[in-house]
Amino acid sequence: MSRKLTEGCIAAITSGQTIEKPVVQLLNHKKISSNNAQERYRVIISDGIHYNTFAMLATQLNEKIVSGELPDFTIMSLDQYISSELPNGRTNAVRKVLVILSLTIIVNGREVGEKIGDPKLFEEGDNSAPIPREPSVPQPVSNRNATMNGYAQPAANPAPRFGGQANNDAPTNIIPIVAINPYQNRWTIKARVVSKSAIRTWSNPRGEGKLFSMDILDESASIRATAFTDVCDKFHDMMELNKVYYISRAQVKPANKKFTSIPHDFELTLGRDTEVITCVSDDSIPQIQYNFTPLNALKDIAADSTIDVIGICQQTSDIQNLVARTTRRDLKKRDITLVDSSDASIVISLWDSAAEQFDGSSMPVVAIKGGRLTEYQGGKSISIGNNSTMQINPDIPKAHQLRGWYDSLSDQHQFSNISNKSGGDGNNKVITLKEASLQQLGTHDKTDYFSCEGTVMYVPSDRVIYLACPTPECNKKVVDNNNGSYRCEKCNQIFNNFKYRLILRPQIGDWTGTQWVNMFQDVAEQFLGATADDIGNSKDVYQGRYDEFFRKPLFKTFVFRIAARMDTYNNETRLKMTALQAKPIDFKEASKKLIRDIEKLGGVSVKRT
DNA sequence: CCCCCCCC
C-alpha cells in the first residue's frame with residue numbers, strides 16, 4: 001500500500017480549492033466534551049507538509065474512533081468533506097473548520113506507526129504550500145461560504161454549486177446537515193422529513209402556545225426542526241412526511257440531548273423568515289432509515305427502549321376513551337395487533353389523532369420508527385408517542401416481503417402474543433381454567449392466549465363437518481343454495497363447489513372447572529387422529545362412527561393451548577375459546593403437577609400414593 | 001418558547 005500523502009492539500013482546501021479524495025495522515029484525535037452535546041472528535045491531520053488543528057469528524061464517524069478502527073498515524077483518503085469559515089461572534093475573527101464526512105482507511109495507523117515527513121502547523125494566510133500534485137480541479141468559491149467535496153449536489157439544481165446569490169427557484173449554497181452550526185449564515189439544507197409530530201399545545205408559567213417538530217435528514221446527518229405558535233400551522237400543513245425540501249434561514253440553536261436521540265449538536269427553529277421549497281428530484285436523500293427488531297425478540301428487550309418494528313396489522317380494536325391519571329387529560333386510545341414472520345404478535349397503542357385516523361380494515365403493513373417498548377403485567381407492548389413515526393404500507397422491500405408471507409398463511413396460523421404474559425411462546429405458563437376465568441382472559445377485545453392441562457369430558461358428534469368456502473385461504477362456512485351453488489359471505493362470491501372442514505366443539509375440564517372450546521381443521525385432525533375423509537364426509541351433517549373416533553381422546557390428559565376472545569354471533573356476545581393445540585401429555589406427570597398446584601393453595605392436604 | 005407521551 002502506498003504511504004504517499006497528498007502534499008499541500010491542507011493549504012489548498014483551506015484556500016477554497018476542491019481536491020478529490022486527498023490522502024492525509026491522522027496524527028492525533030481528541031474528544032471534545034461540551035455539556036449536553038453529542039460527543040465529537042477533533043482530529044489533527046497532516047498532508048506531509050502541513051498539519052492542521054481545525055478538522056472534525058462528522059458524528060457518524062465517531063464509531064471508527066471508538067472501535068479502534070482508526071488509530072493515530074492512519075493513512076486515509078477524505079472521500080467527503082466540507083470546509084467552512086465560521087465567524088467567531090466575540091472577536092470577529094474567522095475560524096476555519098474542516099468537517100470530514102466520510103473517509104477510507106488506506107493503511108492502518110498501527111502498521112504505519114509513525115508520523116510521515118515533517119509537517120509544520122498550517123497558519124492562516126500561509127501561502128507557501130506547493131500546488132498539490134494529485135489531480136484536482138481548482139474551483140473559485142465565495143470566500144464567505146462553505147466549500148464541499150464529494151457531497152451530492154441537488155440533481156434538479158444546475159445553478160451555481162457554491163456561493164452565488166440567494167434565489168428562490170434554484171437554492172444554492174447547499175450544506176450538509178452535519179455542518180449546520182449557529183455561526184454560519186446563508187445556508188440551505190436539502191432534507192427529507194422522516195418524522196413529523198402532531199401539533200401540540202402547551203401552557204406553563206412562562207406562557208402558552210403550540211408547536212410541532214420534525215426529524216429531517218440528508219446523507220450526512222439528521223437534525224430536529226421545530227415550528228412554534230405563529231408559524232406552526234403553516235409549516236405543519238406544508239411539510240409532509242417522507243418528502244424532501246430545501247430549507248434555509250431557520251434559527252440554529254443548541255440541541256438539548258435530554259429530549260432527543262438525534263446525534264446533532266444543534267436543532268432548528270422554523271420562523272417567519274424561514275424559507276421552505278419543495279424538492280421534486282430527491283433520489284440522493286436517504287429514505288427513512290429503519291432498524292427493525294423482529295417481534296419475538298422484543299420480549300427480551302428492556303422496557304422503555306426505543307425500537308423500530310414492522311408487521312401486518314391483524315387486528316384493530318375500537319377506540320377507548322379514558323382519562324390520564326396524573327394530568328386528567330382526556331385520552332383516546334386504539335390498540336392494534338401486529339404480527340410478523342417471527343410468529344409473534346404484539347399490541348401497539350395509538351393515541352388521540354393517530355388512534356382516530358387509523359384504518360386497519362385492509363390488514364395493512366405497519367412500519368413503526370421510534371416506538372416505545374412498554375411492559376404491563378409481564379407482557380410487552382409498544383406505545384406510539386409524538387416521537388414515533390408510523391408508515392402504512394411503506395414501499396420498502398421488507399413490507400412487500402411481509403405482505404407475501406402473510407397472504408400465503410393459513411388462517412389457523414399461531415402467533416405467540418408477547419403482549420400477554422401467558423403468551424410468550426409454545427411453553428407458556430400453564431394456568432387453570434378458573435384462573436383464566438378470573439383473569440377475564442379474552443374479554444378485553446383482543447385475543448388472549450393461555451395453556452391449561454385437562455381432560456376431554458365430551459365431544460359432541462353432530463355438526464363436526466361443515467361446508468367451507470373453496471378459496472384456499474378462506475375457510476368461511478358457505479350458504480348452500482341447494483341448487484349446486486354455494487355462497488361465501490366473506491368473499492362475496494358464489495361458487496359451484498366447496499371444501500369439507502372439520503370443526504369440533506369438545507368440552508374440556510381440569511380440576512377447577514370445565515369449558516367448551518372450538519377446534520378447527522388442523523387441531524381437530526391432530527386431536528382425533530383422523531381427517532374429515534376418515535370420518536365420512538357428508539353434505540348432510542355427520543352420520544356416525546362416534547366410537548371409532550370421538551371416544552379416543554376422552555379422559556386422556558392434554559395440554560391445551562387456547563385463544564380466548566369475545567365473539568359476537570347472531571347479536572349475542574360471548575367468550576369464544578379456540579384450541580390452538582391439543583397435545584397429549586403424560587398422565588403421571590400431569591398428576592404430580594396437579595398435586596403441586598393444590599398444595600400451593602394451602603390448607604388442603606394431599607396424600608401422595 | 002416544547003421536552004407530556006398517557007390506560008388497563
Side-chain angles (χ1 to χ4, degrees), chain A residues 35-36 195-215 223-236 250-262 264 266-274 303-307 317-337 346-356 358 368-390 417 419-423 438-448 565-566:
Chain A
N35 288 340
N36 262 344
S195 156
K196 180 182 161 188
S197 79
I199 291 176
R200 188 175 79 244
T201 57
W202 84 88
S203 174
N204 61 31
R206 288 174 301 252
E208 54 185 49
K210 56 182 175 176
L211 73 122
F212 83 99
S213 60
M214 303 177 288
D215 292 343
I223 196 167
R224 196 160 90 135
T226 306
F228 287 97
T229 315
D230 48 342
V231 292
C232 176
D233 289 332
K234 171 186 157 186
F235 287 120
H236 194 268
Q251 185 193 340
V252 180
K253 60 179 194 177
N256 189 338
K257 294 290 154 182
K258 203 174 146 191
F259 303 117
T260 175
S261 57
I262 287 194
H264 202 295
F266 302 104
E267 58 185 46
L268 302 178
T269 301
L270 310 184
R272 287 186 184 286
D273 297 334
T274 300
D304 284 333
S305 301
T306 297
I307 37 87
S317 81
D318 291 335
I319 289 183
Q320 253 180 287
N321 291 298
L322 34 94
V323 180
R325 206 190 307 144
T326 47
T327 62
R328 312 300 304 156
R329 203 164 75 83
D330 285 327
L331 300 170
K332 288 188 167 66
K333 188 184 84 146
R334 191 198 293 275
D335 282 343
I336 66 173
T337 304
I346 191 166
V347 170
I348 316 280
S349 295
L350 312 181
W351 302 90
D352 298 327
S353 60
E356 288 175 316
F358 186 82
I368 289 162
K369 177 153 193 70
R372 205 172 66 91
L373 197 61
T374 62
E375 190 164 354
Y376 178 66
Q377 291 184 357
K380 293 275 170 54
S381 53
I382 293 172
S383 187
I384 302 304
N386 265 334
N387 295 331
S388 316
T389 309
M390 196 170 67
N417 179 0
S419 295
N420 200 302
K421 191 187 192 169
S422 47
L438 286 173
Q439 286 184 35
Q440 298 190 294
L441 293 183
T443 55
H444 298 297
D445 201 36
K446 64 182 179 199
T447 304
D448 284 327
R565 66 168 195 273
M566 292 308 288

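Just so it is clear: chains get the letters A, B, ... in the order the sequence lines come, proteins before strands, and each one is counted from 1.
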Residue pair A:Ser381 / A:Thr374, side-chain donor-acceptor N/O under 3.5 Å: yes

Any A:Arg329 side-chain N or O less than 4.0 Å from OP1/OP2 of B:dC5: no

Phosphate OP1/OP2 of B:dC2 contacted by A:Arg224 side-chain N/O (<4.0 Å): no

Atom pair distance, as rounded to whole Å: CD1 in A:Ile348 and P in B:dC8: 20 Å

Whole-Å gap separating C1' (B:dC2) and CG (A:Asp230): 14 Å

Among B:dC3, B:dC6, B:dC7, the one nearest A:Leu322 by side-chain distance: B:dC7

Contacts of type salt bridge (charged side-chain N to carboxylate O under 4.0 Å, His left out), residue A:Lys380, not counting sequence neighbours: none

Quiz item: A:Gln440 side-chain donor-acceptor pair to B:dC8 base, under 3.5 Å: no

Length of the line joining A:Leu438:CG and B:dC8:P, which is rounded to integer Å: 20 Å

Under-4.0 Å side-chain N/O to phosphate OP1/OP2 contact, A:Asn204 with B:dC2: yes

Nearest-angstrom distance from the residue atom CG of A:Leu331 to C1' of B:dC7: 7 Å

Rounded distance (Å) that lies between atom P of B:dC3 and atom CZ of A:Phe212: 16 Å

Separation of atom CG in A:Asn321 from atom C1' in B:dC6, rounded to whole Å: 13 Å

Near-parallel close stack of A:Tyr376 and B:dC8 base (under 5.5 Å, under 30°): yes

4.5 Å side-chain heavy-atom contact, A:Arg372 and A:Asp304: yes

Is_stacked (A:Phe228, B:dC1) at 5.5 Å, 30 deg: yes

OP1 or OP2 of B:dC7 under 4.0 Å from side-chain N/O of A:Lys332: no

Under 3.5 Å donor-acceptor, A:Lys196 side chain and A:His236 backbone: yes

Atom pair distance, as rounded to whole Å: CD1 in A:Ile384 and P in B:dC6: 11 Å

Interatomic distance where CD belongs to A:Glu375 and P belongs to B:dC7 [whole Å]: 16 Å

Spatial distance of atom NZ (A:Lys210) from atom CZ (A:Arg200) [nearest 0.5 Å]: 13.5 Å

